[in-house]
Amino acid sequence: MVVTFWLLDVNSEVKADKPEIWLWGIDKAGKRVLVVDRGFLPYFYAVIEEKADPEKVVEEIESKQFSSISRLDVVDRRFFGKPVKVVKVVCKCTDAVKELAEALRELEGVRDCLEDDIRFTMRYLIDNNIVPCSWHEIEAIEEINSPDAQVDTIYAAKSPPKLLEDTAVPKLRILGFSTIYYSKEGSPKPDRNPVVIVSTATNFSEEKQFFADEEKNDGIVLETFVNYVRKLDPDIIVGYGVNSQHWLYLRERCKRLGLRLYVDRTKTEPHTSVYGHVSVTGRANIDLSDFASEFPEVKVQTLENLADYLDVMKIEKRRIVEDIDFADYWDDKEKRRVLKEFSMDNTRCVMGVAEAILDFAMQLSNLVGLPLDHIGAAAAGFKVEWFLIKNTHKSGELVPKRIEQPYIPYLGGVVLKPESGVHENVAVLDFKSMYPNLMIAYNISPDTYVPLKEPVSPSQVYEAPEVKHRFLKEPAGFYKAVLSYLINVRNEIRSKMKDIPQRSVEYRVLDARQKAVKVIANASYGYAGWTGARWYMKPVAEAASAWGRHIILRTIEMAENEGLKVVYGDTDSIFAENEPEKIRKLSKEIAELFRLEISLDKVYVRILFTEAKKRYGGLLPDGRLDIVGLEVMRGDWAAVAKKAQERVLEIVLKEQSPQKAVEFVQQFIRELRRRQVPYRDLIIWKTLTKPAEEYAVKASHVEAAKMLRKKGWELAVGDKVGYVVVVGAGHLYERVKPYMFASYSEVDVEYYVTKQVVPAAARILESFNVKEETLLESKRIEKENKRLTDYFNG
DNA sequence: GCGTTCAATGTACCT
DNA sequence: ACAGGTACATTGAACGCG
């Protein structure tokens, strides 16, 4: 019979020494199915030396009588674009692959073995063109002696599945959860601290909570939670921080209590796997924190901040309970109610954030080919790499081994020094997807690169300026193929979206798709220059950036020849006077000369450049401010400074009154000195980028982290530390405290005046010759106004 | 011994 | 564990000074 299913998860098993692929999915009728494919064997390639005879090599291998070899085939492949003869070594089991490849590498006539490092499940998906989060059909028969799996039907495959066109997403059961641990000794530890609350919610509005008893016994929490999950049988489980923390915590708790955390579909426990994701067999376990980086505007990426940003649940409308207070809240009968509600709200946030992210995650999984539960956990470089592996496989290109490469820096984009001060009516022109388009236009790719010593006629190659790297004009390299596809597909999607109502399901899915496509296209240049990449090739990245410099510099020349004054530019953009006719002419010239598209991105009514590069603020026609690089945009400045600077910019750009801005700052400082600003606006957040001991110099956030650790609150590398500056003597790092350990009365407000608000405000006002001292003068208002009036009137 | 100078360190941003 | 280019605050050693 033919089974049609949407692929949710995949894993491999070994039964009686034979490898099996298990495909978990949902069929057209909404039944949960497991398809077991026993017809696929692992393999790798032995690359034959150029002068060797492939048949001789096969004979040589055969003579060794390796028992784990199933068969040998001589086939044609390509390696970095060059045709090679390889022996496809098919193995009887997955365990044998590594060992066998190691042995064959030593054989005469074998140059190297490749693709022995491709995981079996990914091998199966790629070879059979099977795509996670897509529909497939397969010839299969219902299993008689079924393995124990929590699905409606189990099938045995009779042939590999076939990918279908259908892009619809089936109705899935989604479960979200969050936990509260009880600890009076700092960071909760599973060997001593119980889980007192688990809150769950589903995408069909079912909310549940599981609580520990009065003695804080959590066996009941874990047992009832596990039973609930099994009964509900979700396809997707979502949480925040579940990969790095919660699954392991719950599992450890279960172990101590003699329980099993059987929340999957086969009675195994959640286990950490590739890229640090936690696998729950038969379901897709998704950690939303893995997707938080898609929202760089959110500087401190906690669940509540993300939910606030995505309009899931506003922070002002919530009662937040800090971790350090969990135990106190649990112990107090009245407060326990608040803690329970806080926990339930966390799970509601999980569900809301999941709704904003899941479409994107599915599209990314679908595009890249990594299973849904892997895709978030995989770093950007690995996403690009799997996308490339999947797409190069089709053209017979072999996947290089990952080898450690020395890091050799190279030149990047051009950044112009801005014409500091205020400019009116400024147009921003930029090259759309500059690096991908350069790689397409000049066929820059690992498989088209012509090494220095290789003779080739100049007419056959594109030669990058300055660096002189050469790439064949023909045939198209795989970057060109793949990037053209991505750019075309994105354009098609975006034009399709124009004809669809924005609230429709279809629009949302298309939007998620175009975002996924954009992520991969944008990361491909960086991938080429990443020393960890399998296809790392410095000349590829270096040629792209060299072409980029060449083109932006020619563009500036041409603009100026046109009579357009360029006031700033960075990598792929130029800022110039907004003269539509001249701009149109310029765009046309660029298109003809370089076969690249430059477009009018936006126009600023008024823009202010500081003396520095990469820092400016502009007023858009709709009245919004566009602020770039300045303190307002930074997560490591106190909110007081950011708010003051933003208001100063607004006054200066909209009302064009530096005087009024000065008065605002002076008033703001008075309020700050009276401690009338919220305490939370004084918190400074900085990332711990390495273990506290490894810092070469003393640093405020590290000292704050050490204070937290002394009280049992451990921070991991990558965590953000929130601290405030308090009164006292000595270095700055000696005068900081974690924000939850300090009280407002001990805060050193003068620090915030002189080192936060004043510098941030002065950054803008220095364009108007306002000095920091002026901002710090606090005379009576009338007197001040007069003095300023006199000052600005000269 | 103490203030000044400046390279080094550290973080976060822009494209 | 995608690239290079850049700004900026703070630290701490070197320096100058009877």
Side-chain angles (χ1 to χ4, degrees), chain A residues 274-276 293 296-297 299-300 377-385 387-388 402 404-405 407-418 428 430-436 439 519-538 540-546 548-549 552 568-575 601 610-616 626-638 641 684-690 694-703 717-718 720-721 725 730-736 751 754-756 759-760 762-763:
Chain A
V274 277
Y275 309 126
S293 57
E297 306 90 322
K299 303 297 176 184
V300 182
F382 295 113
K383 289 175 192 159
V384 172
E385 192 150 275
F387 176 74
L388 290 176
R402 196 183 306 287
E404 262 189 62
Q405 307 270 18
Y407 168 71
I408 306 162
Y410 64 91
L411 288 182
V414 181
V415 189
L416 301 187
K417 195 177 178 311
V428 183
D430 63 15
F431 285 94
K432 292 275 161 252
S433 307
M434 186 192 232
Y435 287 134
M439 292 164 102
V519 162
I520 299 304
N522 284 350
S524 53
Y525 156 75
Y527 173 83
W530 171 42
T531 56
R534 288 174 186 265
W535 275 289
Y536 168 69
M537 200 179 257
K538 198 181 73 143
V540 168
E542 200 171 27
S545 77
R549 289 194 298 277
I552 202 73
Y568 181 60
D570 185 349
T571 310
D572 59 359
S573 66
I574 61 168
F575 292 54
D601 183 44
T610 64
E611 294 281 338
K613 297 170 176 181
K614 297 182 187 280
R615 315 187 111 218
Y616 55 87
D626 195 20
I627 303 172
V628 177
L630 294 166
E631 282 72 12
V632 175
M633 303 311 290
R634 296 184 64 100
D636 57 350
W637 281 73
I684 297 166
W685 293 92
K686 279 198 170 81
T687 307
L688 210 58
T689 60
K690 50 188 161 190
E694 287 176 24
Y695 281 81
V697 294
K698 298 275 189 182
S700 301
H701 68 300
V702 181
E703 293 309 302
V717 171
K720 287 236 197 289
V721 189
V725 177
H731 287 104
L732 181 60
Y733 63 78
E734 295 167 299
R735 300 192 284 119
V736 298
Y751 169 83
T754 60
K755 297 291 184 175
Q756 292 277 329
R763 199 91 60 209

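In the text below, chain A, chain B and the rest are named by the order of the sequence lines, each starting its count at 1. The structure presented is a predicted model; accordingly, all values stated were derived computationally and were not measured. For the numbers below, each heavy atom of this structure counts, side chains included, while hydrogens, waters and symmetry mates do not.
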What do the steps show when you test Tyr536(A) against Tyr527(A) for ring pair (Phe, Tyr, Trp, His ring centres under 6.0 Å), and what is the final call? CA-CA 7 Å; Tyr536(A) 168 69; Tyr527(A) 173 83; 9.3 Å; no
List the steps, then state whether salt bridge (Lys or Arg N to Asp or Glu O under 4.0 Å) holds for Asp570(A) with Lys613(A). CA-CA 9 Å; Asp570(A) 185 349; Lys613(A) 297 170 176 181; over 6 Å; no
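Distances from the side chain of Asp572(A) to the nucleotides dG12(C), dT15(B), dA1(C) place dT15(B) closest.
Ala696(A) comes within 4.0 angstrom of sugar-phosphate atoms only, judged by non-hydrogen atoms across all strands, and of no base. Backbone-only engagement by Tyr695(A) is indicated by non-hydrogen atom pairs under 4.0 Å involving sugar-phosphate atoms exclusively. Using a 4.0 Å heavy-atom distance criterion, Lys538(A) is classed as making no nucleic acid contact. Nucleic acid contact class of Thr689(A) (heavy atoms, under 4.0 Å, all strands): sugar-phosphate only. Looking at heavy-atom distances under 4.0 Å, Tyr616(A) makes contact with sugar-phosphate atoms alone, never a base. No engagement by Gly532(A) is indicated, since no non-hydrogen atom pair under 4.0 Å with the nucleic acid exists.
Note: CE (Met434(A)) to C1' (dC14(B)) measures 15 Å, nearest angstrom. Summarising the geometry, the separation between CD on Glu734(A) and P on dT10(C) is reported as 14 Å, rounded to the nearest angstrom. Put simply, CZ on Phe387(A) is 17 Å from P on dC2(C), counting in whole angstrom units. One atom, CZ of Arg534(A), and another, P of dC2(C), lie 15 Å apart when rounded to the nearest Å. Regarding Glu542(A), its CD atom lies at a distance of 12 Å from the C1' atom of dA3(C), rounded to whole Å. Regarding Arg402(A), its CZ atom lies at a distance of 9 Å from the C1' atom of dA1(C), rounded to whole Å. A straight line from CG of Leu688(A) to P of dT9(B) spans 18 Å, rounded to a whole angstrom. Here dT11(B) presents its C1' atom at 9 Å from NZ of Lys720(A), a figure rounded to the nearest Å.
Aromatic ring pairs are classed by plane angle as parallel below 30°, tilted from 30° to 60° and perpendicular above 60°; the pair Tyr616(A) and Phe575(A) is perpendicular.
Note on Lys690(A): every side-chain N or O is 4.0 Å or more away from OP1 and OP2 of dT11(B). A sub-4.0 Å separation between OP1 or OP2 of dC13(B) and a side-chain N or O of Lys299(A) is present. Neither OP1 nor OP2 of dT9(B) sits under 4.0 Å from any side-chain N or O of Tyr733(A). Note on His701(A): every side-chain N or O is 4.0 Å or more away from OP1 and OP2 of dG10(B). Close to dT11(B), at under 4.0 Å from its OP1 or OP2, lies no side-chain N or O of Thr687(A).
By the side-chain contact (heavy atoms from CB on, under 4.5 Å) test, Val274(A) is found to be paired with Arg119(A), His277(A), His374(A), residues two or more places apart in sequence or in another chain being considered. Shown here are the side-chain contact (heavy atoms from CB on, under 4.5 Å) partners of Glu734(A), two or more places apart in sequence or in another chain: His731(A).
One distance of note links OG1 of Thr610(A) with CG of Leu630(A); it measures 6.0 Å at 0.5 Å rounding.
Here Trp530(A) and Phe382(A) bring their ring centres to under 6.0 angstrom of each other.
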In B/S/- notation (B base, S sugar-phosphate only, - none; protein heavy atoms under 4.0 Å), nucleotides 4-9 of chain C written 5' to 3' is BBSSSS
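Counted by atom type alone, Tyr695(A) and Thr689(A) present one or more donor-acceptor pairs between their side chains at under 3.5 Å.
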